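Each ligand, and each atom within it, is numbered from 1 in the order the structure gives. If you're wondering where the values come from, they're calculated on a predicted model, not measured in any experiment.
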Amino acid sequence: MENFIVKGNVSLSGNVKISGSKNAAVAVLPAVVLSRENVYLENLPDITDVRTMIEILENLGVSIRRRGRNALDLTPGNLSKIAPAYELVKKMRASYYFMGSLLARFGRAEVPIPGGCDLGPRPIDQHLKGFTALGADINIEHGMINMNADKLVGAHIYLDVVSIGATVNLVLAASAAEGRTVLENVAKEPEIVDLANFLNAMGAKIRGAGTDVIRIDGVKNFHGAAHAVIPDRIEAGTFMLAAAATGGNVMVEDVIPKHLEAITAKLRETGAKVEVEPERIRVKAPDPLSASDLKTFPYPGFPTDLQPPGMVLLTAAKGLSVITENVFDGRFNQVDELKRMGARIKVEGRTALVEGGTRLSGAPVTAHDLRSGAALIIAALMADGESRINAVEHVDRGYEKFEQKLIDLGASIKRRSEAGQEKLSTNQD
Ligand code: EPU
């Protein structure tokens, strides 16, 4: 375990470049196995989750050559295995995208039941319902999901809940199914559009990604392609919220502003000045910050992944803010830790009441998942005195060079091993 020692009372200022999207990258990488020809991917974030995906691909038999820090040449032609290794799969939830991609390529897949951030129950019933509708037999035993299809056949599938994961998995499988698939009530996130663009570049016939109905005409052969992953809207939103929360002034660069409209609007409600340019956004902190209610929703709503840093921002706003988490049952992992820092927050079910306006004070706290970890680091920057954030491995899963980017904006952060030794950032240059 590693921790960060963070000095408080810092206003972030300067420019920060946003990396490629984690959640797009972890969908695009498993999609590579549909092709028998070479694929080139760039703008992949150099984060633990992407490294794990790369290891899974190599373990399945894909040859991979790095081209610098963020690009890869992949050769999936000799791929023969249908069972990603448990030791790798258990590290990240998105490894279950190999269910869809291996089923598309081989008509078979054996994938361990996935792990991932603990955000409450995370069923996969919609994935399985969709695979079954496409013609797969599914058998779950001894922790493994075994799937078999003599052939996949297009179907009309209506998702009961809007799910990114189920949408990705069914788009992957249906791309190779015989005939037409219509997926209704699907996720509209930009990461779904990015995956569809990549699959279409390999020869798939997917229409409607980014709306709630996707139509797919299955194809037999996928060819090679080159693709650049979209910028990470969640990383960008994290820095936008951090700028406002720390009384800062930050230019967030290399973003698609359209993907950030819900965050821009919410920040403006708190009084922040947000200047939107074609590929960058400047956030200037408000003085004073206004309390504001926040409700998470699937895209284009305010993303659940930014609810923890959003909550940290609202601890600084005088008055009462009501936060409603509509996507996950257990996504208030940051609350008890923030209370150690003096935040006044009361949780009732999926609602959190934030009585803001008191200054946070530095304290030892623990990251329980990726986004609550990022939120605690922002809280530590705002607080009086020094904080120690334990278990920052969670943050390394999804933010490229997070502490270095914050240091470049004026933060003072040191990475330490549990034994107290100072360490270089795991994802430094
Ligand atoms: N759900 C079901 N049945 C299913 C699938 C989902 O009931 O078969 C429910 C979930 O329990 C949840 C809701 O549907 O209440 C939405 O879940 P979704 O499937 O959309 O989430 P996910 O695909 O598991 C992705 C992101 C998460 C992000 C959520 C919500 C990836 C790899 N993960 O998870 O990202 O929080 O969508 O936007 O794309 C993160 O980056 O920190 C992260 C957790």
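Per-residue contacts place G165 under 4.0 angstrom from the following atoms of ligand 1 (heavy atoms of the residue considered): 19 (O), 23 (O). Interface atoms of ligand 1 facing Y96, defined by a heavy-atom separation under 4.0 Å, are 23 (O), 24 (O). Listed by atom number, the atoms of ligand 1 under 4.0 Å from L370 heavy atoms are 42 (O). Numbered from 1 in the order shown, with element, the atoms of ligand 1 that lie under 4.0 Å from a heavy atom of T304 read 30 (C), 36 (O), 38 (O). Less than 4.0 angstrom separates some heavy atom of Q126 from each of these atoms of ligand 1: 3 (N), 4 (C), 8 (O). For ligand 1, the atoms lying closer than 4.0 Å to a non-hydrogen atom of K22 are 40 (C), 41 (O). Short contacts between ligand 1 and V161, defined as distances under 4.0 Å to a heavy atom of the residue, involve ligand atoms 1 (N), 2 (C), 3 (N), 7 (O), 14 (O). Each of the atoms 24 (O) of ligand 1 lies under 4.0 Å from some heavy atom of R93.
Side-chain polar atoms of E42 and H227 form no donor-acceptor pair below 3.5 angstrom. Side-chain atoms of N23 and E191 form no donor-acceptor pair, as typed in the model, at a separation below 3.5 Å. Counting only N and O atoms by type, the side chains of N390 and R388 include a donor and acceptor under 3.5 Å apart. Side chain to side chain, R65 and Y40 fail the donor-acceptor criterion of an N or O pair below 3.5 Å.
Side-chain atoms of E355 do not come within 3.5 Å of backbone N or O of L320 as any donor-acceptor pair. Checking side-chain atoms of S387 against main-chain N and O of A363 turns up a donor-acceptor pair under 3.5 Å. With hydrogens and angles ignored, the 3.5 Å screen pairs no side-chain donor or acceptor of E261 with any backbone N or O of P300. A donor-acceptor pair under 3.5 Å links the side-chain atoms of N169 to the main chain of G100, judged by distance alone. Remark: the backbone N or O of I206 is paired with a side-chain donor or acceptor of N200 at under 3.5 angstrom.
Proximity annotation for atom 27 (C) of ligand 1: of T167, D305, V168, T296, D305 comes nearest, heavy atoms only. Compare F328, Y399, Y299 by their heavy atoms: the one nearest to atom 10 (C) of ligand 1 is in F328. Checking P123, P308, S372 against atom 4 (C) of ligand 1, the nearest heavy atom belongs to P123.
Within the 6.0 Å centre-distance limit, the rings of F239 and F402 are counted as a close aromatic pair.
Checked against a 3.5 angstrom limit, the closest N/O atoms of S163 and ligand 1 fall inside it. No N or O atom of A166 sits closer than 3.5 Å to an N or O atom of ligand 1.
Using 4.0 Å as the threshold, R331 has a heavy atom nearer than that to some atom of ligand 1. Under the 4.0 angstrom criterion for non-hydrogen atoms, F297 is not in contact with ligand 1.
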